[in-house]
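Below is one structure, written out as structure tokens; comments come after it.
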Amino acid sequence: MPTEFEVQGLRITDLAEEFGTPLYLYDGDALSGRMKDLRDLLHPRLEVFFSLKANPNVAVCSLLHAHGARAEVSSLAELATARRAGVSPEDIVFLGPGKSREELEACLDGGVYTIICESFGELTLIDEAAAARGIVADVALRVNPEFAVKGSGLTMGGKPRQFGIDEAQLLAAPDLAARHPHVRLMGVQVYMGTRILSEGAVAENTERILGLAERLAGTLGFPLDMVDIGGGLGVAYFDNESDLDLADVAARINPLLDKFASAHPGTRLVMELGRYLTALAGTYTVRVRYVKTSMGENFAVADGGTNHHMAAVGIGSFVKRNFPIRVLNRLDESASGDWNITGPLCTPNDTLGKKVALPEVRPGDLIGVARSGAYGPSASPVNFLSHGHPAEVLVVDGRAHLVREPDRPEDLLRAQRLPEGVPFGGSAGR
Ligand SMILES: *Cc1c(COP(=O)(O)O)cnc(C)c1O
């Protein structure tokens, strides 16, 4: 066993030296391997769309795309990222409950495959924007279904929600298409929730969503060019969790997809995945600055913390559950005590790991939080205490590439203004 963490043969101490810390390190083989597993195991008609929300890095998106992923985006910047990553418009879907007119217009002008519409008000706006352009917009309906399926960390369906349109409201609107002449309804999307770790729940969701799509398309009289079955496949983070068995997922959903695909030979079948594609590929790496004890507990204070990795705080549970954490430069040493791993913020919540069993931690050590490639910096308060965004490095074919420069103080100050002509202006203090 190597005595230190390596990515494709590159040693963490060298990478930390070259790129500095704190650092998000992504293993390109883990990203491409994930796509390969999905392609090998899941029904060939099922297309994987990468939810950029989970990791909006353009290089990560580009690598996934090179291995077959399309893109699901929710903002102008995500749309631009997907395009720059090489995803063509016909392989991009745009969703989100609060789309602006500008975003809808960008979808129409950029020719994205479909806008996934989440409210009647949005449908009206799409209709107007398309009319102004003299075009007909392809729109899929995001449905908030009546049913809920257990097994998701965060449920999105079967409850009062700001997402999608209630199934009952849609079924009660058979003239929906007629009332929107510049919209062509052509698909259905349902997203049941995130962090699903039950193969049975994935299958049940899929079965119900496919049924719902047929019912809805029948009642409202539109073709099913696309059915997006959501996804929400999770990864295990904590001790009491275990990873999904993808072969088992496939064994359960492929027959459902097969039946549907035969009945609907022209329908694109879509699964949106964020976390499942990127989580395992990423290691958040910080360097220990100080070690100390306080009232009998050990603390390792590192150069990065929850400002880059809010998920590690373990929100939502009373007992803090830790992500997998290791001393990356001394993997061969066994645990000798419990350590609180904290960051540079001035808040007690800035704790990456609480009472983690580790070997004796020393200043200069590199601590790694594994399984951190999803919902990292972009889902964290990176500007809290103005430390800014960390560096991101992607290893491909045994070579490390800086794919995101860390913010510098001037980057954080660039967008701020001192008002002119006021007594507290820039030179007032002199
Ligand atoms: C967040 C989100 C995703 C991605 O979820 P993961 O759990 O990361 O796969 C996909 N679709 C929708 C609608 C989402 O809101």
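Ligands are counted one by one from 1 in listed order, and the atoms in each one are counted from 1 as well.
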(message) Can you give me the closest heavy-atom contact between Arg252 and Gly200, atom names plus distance?
(response) NH1-CA, 3.5 Å
(message) Could you report the tightest heavy-atom contact between Val73 and Ala82, atom names first, then the distance?
(response) CG1-CB, 4.0 Å
(message) Taking 4.0 Å as the limit for heavy-atom contacts, which would you say applies to Tyr276 with ligand 1: side chain only, backbone only, both, or neither?
(response) neither
(request) State the atoms of ligand 1, each with its element, that fall below the 4.0 Å cut-off from a heavy-atom position in Thr194. (result) 6 (P), 7 (O)
(message) Using a 4.0 Å cut-off to any heavy atom of Tyr375, which atoms of ligand 1 qualify?
(response) 1 (C), 4 (C), 5 (O), 6 (P), 8 (O)
(request) Could you tell me if any non-hydrogen atom of Gly232 lies under 4.0 Å from any atom of ligand 1? (result) yes
(message) Distance under 4.0 Å to a non-hydrogen atom of Leu273: what atoms of ligand 1 satisfy this?
(response) 9 (O)
(message) Would Gly274 count as being in polar contact with ligand 1, using the rule that some N or O on each side must be under 3.5 angstrom apart?
(response) yes
(request) Give the numbers and elements of all ligand 1 atoms closer than 4.0 Å to a heavy atom of Arg275. (result) 6 (P), 8 (O), 9 (O)
(message) Using a 6.0 Å distance limit plus a 45 degree cone around the ring axis, check whether Arg268 lies over the aromatic ring of Tyr113.
(response) yes
(message) Hydrogens and angles aside, do Thr13 and Asn329 bring a side-chain donor and acceptor to less than 3.5 Å of each other?
(response) no
(request) Answer with yes or no after comparing the ring centroid distance for Tyr284 and His308 against a 6.0 Å cut-off, counting only values under it. (result) yes
(message) If we set the cut-off at 4.0 Å for heavy atoms, which region of Lys53 has an atom near ligand 1: side chain, backbone, both, or neither?
(response) side chain
(message) As an exercise, identify every atom of ligand 1 less than 4.0 angstrom from a heavy atom of Arg142.
(response) 13 (C)
(message) Need the ligand 1 atom indices (1-based, order shown) with element for anything under 4.0 Å from a heavy-atom of Leu95.
(response) 13 (C)
(message) Testing the 3.5 Å rule here: is there a donor-acceptor pair between the side chains of Glu272 and Gln189?
(response) yes
(request) Identify whether NZ of Lys or CZ of Arg in Arg34 sits under 6.0 Å from the centre of the six-membered ring of Tyr276 and within 45° of that ring's axis. (result) yes
